[in-house]
Amino acid sequence: MEMKGGLSDLFASRRLVVVSNRLPYNPSRTSRGIRYVKGSGGLVTALDPILRLSNGLWIGWDGGTGPPMKEKRVTVSEPEGEGSYQLRFVNLTEKEISHYYYSFSNRTLWPLFHNFIGMIHFSSADWKTYFKTNAYFAGTILEEANPSDIIWVQDYHLCLVPNFIRYQNPDLRPYFFLHTPFPPYDTFRVLPWGKPILEGLLGSEKIGFHLKNYADNFLDCVEKILNGHVDRERGIVELEGRKVKVGSHPISIDYDAFHDMALTKRVIKRVQKHRRRIEDRVVILGVDRLDYTKGIKERLLAVERFLEKHSKFRNRVLFIQVAVPSRTRVDEYRVMKREVDETIGRINGRFTGEGWPPIQYIYRSISREELVAYYRLADIALITPGRDGMNLIAKEYVASQVDMKGVLILSEFAGAAEELTEALLVNPYDIETVCETIHKAIRMSLREKRRRMEKMQDLGKRRDIYCWVRDFFEEVD
Ligand code: ADQ
């Protein structure tokens, strides 16, 4: 099987074993038993063909809270592609889901890594369960993997896994990628369990971050907390006669898939239908998982300020916010959802004229096709996280701009800002400037829009998700 980005050489001879908290397929109960439905995330899209080529394995939790699955693994394949791969289930108990997943991963590490210190929840009971659950994941890997496999552990839920694996079987050499930022030393040091987290990660052969800045923060922590020997120029940590590579690899998207979908008749039809309804109003779009790091509330305040200050645009702009429900069991997320609901209600109450509320709020997960139709429809994408490892929405918006008439307003605190320098970059906390940037985007000439979009698309095409995987494994033979 030939794969995009020339990935086939490595993975045809070595099996890829991916390990993440959640499996890429979700179980769906039907009258004929359980069916596995593929998720739509970028990581799944990129790794799916490689896993099929290498007869690979994906180890993770299926998101369920029911009794353990009867079978340990299932084989998955897709009608449109050759080959198949296996899923190996890690069954979690209610206690593990609560303390390891919802609490330590999402209430401790998530805010810590995003530098939201005030949101961090500290609990040694959570830490103990995180430790045990990571050991359990590692145990499953040890059961399944061979030294010839390439083991790739994903994200902050599993920071301890690499060292657990190496300790028990030094012939297995795991790789790790962190999808969030890594905070500066002064933030990281507040974590009472910082040392074992660093040691856990350093069990890896290589640790990947989106940006050099995140990798540098990590190296600072290794130096200051572990007294580790760091070679910054080569991005190497030396410990116990072993070298751990630390690199930056900005993740991306399947650019062609988004671009091609934007050109389909079905997407065009959807856009036309929206247009008939909203007429020639300027569409400003926000799309996010409903998470406090995404800056949704501040964004709404900037939209409110815009409507207040530039009154001639009232009833002439429509702000569409798509929000995917996320971590709804966690208190901080419930509080945030209420705040967003109330803020939207207040702004719509204040500015609704002639039956047109200025904000349309869609609180659900939408299909890829619907999403791309919104990207095409939007004159402006307003993507303003307070902090974000990368932010794929920004890249997806750029790839979907087949008319070259969209403007991207992007937070300078999103990892994507480092590559998308032709976006209008803003500080999301500076409400007045975001408001004026919306005004600037509306008035921007078509020529200027095209110039900026062309540059961003050039880069998006060259550095797609396949390129990300290839670069990460460049030195592996
Ligand atoms: P997330 O925080 O989930 O990912 P993001 O990078 O924006 O954030 O990715 C979200 C994905 O979900 C996108 O691919 C998008 O298409 C999809 N999506 C968003 N809203 C949707 C909706 N309403 N319906 C359906 N699909 C929707 C974490 C980090 C990011 C990092 C990624 C990848 O927080 O910073 O970019 O991992 O490393």
Side-chain angles (χ1 to χ4, degrees), residues 18 20-22 24 26 37-47 105-106 109-116 152-158 176-183 208-211 213-214 248-255 257-259 261-262 285-296 299 320-327 333 340 360-376 378 381-400 408 410-411 413-420 460 463-465 468-469 472:
V18 177
S20 64
N21 171 60
R22 281 294 292 271
N26 297 311
V37 185
K38 191 162 86 173
S40 58
L43 195 64
V44 189
T45 315
L47 299 184
S105 297
N106 288 330
L109 292 183
W110 178 264
L112 175 83
F113 284 4
H114 286 84
N115 227 333
F116 281 69
W152 201 8
V153 181
Q154 306 288 324
D155 231 358
Y156 61 99
H157 316 86
L158 303 176
F176 189 93
F177 191 84
L178 186 72
H179 292 264
T180 63
F182 196 89
F209 298 89
H210 291 303
L211 305 186
N213 170 247
Y214 307 162
S248 56
H249 301 275
I251 199 170
S252 193
I253 56 162
D254 187 344
Y255 181 95
F258 277 90
H259 195 81
M261 185 173 270
L285 178 71
V287 181
D288 316 81
R289 237 178 353 88
L290 194 56
D291 194 296
Y292 55 83
T293 59
K294 303 288 184 184
I296 301 172
R299 186 184 314 162
I320 302 175
Q321 174 66 51
V322 183
V324 193
S326 179
R327 303 172 194 169
Y333 287 73
V340 167
Q360 185 186 338
Y361 184 40
I362 302 166
Y363 176 62
R364 64 181 164 84
S365 182
I366 58 177
S367 69
R368 167 81 66 92
E369 192 178 280
E370 259 181 298
L371 189 61
V372 172
Y374 279 119
Y375 290 149
R376 253 198 97 159
L382 189 54
I383 301 172
T384 51
R387 178 86 46 191
D388 213 335
M390 176 53 60
N391 193 297
L392 297 179
I393 303 289
K395 294 188 170 184
E396 292 168 4
Y397 178 71
V398 167
S400 308
L408 173 63
L410 180 63
S411 164
F413 306 130
E418 213 161 85
E419 292 167 280
L420 300 174
R463 293 212 209 139
D464 65 5
I465 183 86
W468 175 71
V469 179
F472 186 87

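Counting starts at 1 for both ligands and their atoms, following the listed order. Note that the numbering runs from 1 along the sequence shown for the chain. Scope of the values below: all heavy atoms of this structure, side chains included, with no hydrogens, waters or symmetry mates.
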K.L.:
With hydrogens left out, which residues have an atom under 4.0 Å from ligand 1, given that only heavy atoms count?
P.N.:
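Within the 4.0 Å shell of ligand 1, which is judged on heavy atoms, sit Trp110, His179, His210, Ile251, Val287, Arg289, Lys294, Val322, Val324, Arg364, Ser365, Ile366, Leu371, Asp388, Gly389, Met390, Asn391, Leu392, Ile393, Glu396.
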K.L.:
Tell me every residue that passes side-chain contact (heavy atoms from CB on, under 4.5 Å) with Pro385, counting only those two or more places apart in sequence or in another chain.
P.N.:
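Pro385: side-chain contact (heavy atoms from CB on, under 4.5 Å) contacts with Ile383, Asp388, Asn391, Ser411, Ala414.
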K.L.:
Begin from the C-alpha positions of Glu419 and Met390 and carry the test side chain to side chain contact (heavy atoms under 4.5 Å, CB included) through to its verdict.
P.N.:
CA-CA 10 Å; Glu419 292 167 280; Met390 176 53 60; 4.0 Å; yes
K.L.:
Evaluate the ring planes of Trp110 and Tyr156, with Trp represented by its six-membered ring, and classify them as parallel (under 30°), tilted (30 to 60°) or perpendicular (over 60°).
P.N.:
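Tilted, since the angle between the ring planes falls between 30° and 60°.
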K.L.:
Can you tell me how the ring of Phe182 sits relative to the ring of Phe113, calling it parallel under 30°, perpendicular over 60° and tilted otherwise?
P.N.:
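Tilted: the ring planes of Phe182 and Phe113 meet at 30° to 60°.
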K.L.:
Is the shortest distance from a Lys or Arg side-chain nitrogen in Asp288 or Arg299 to a carboxylate oxygen in the other one below 4.0 Å?
P.N.:
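Yes.
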K.L.:
Do you know which two heavy atoms are closest between Trp468 and His249, and how far apart they sit?
P.N.:
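For Trp468 and His249, the tightest heavy-atom pair comes out as NE1-O, 2.9 Å.
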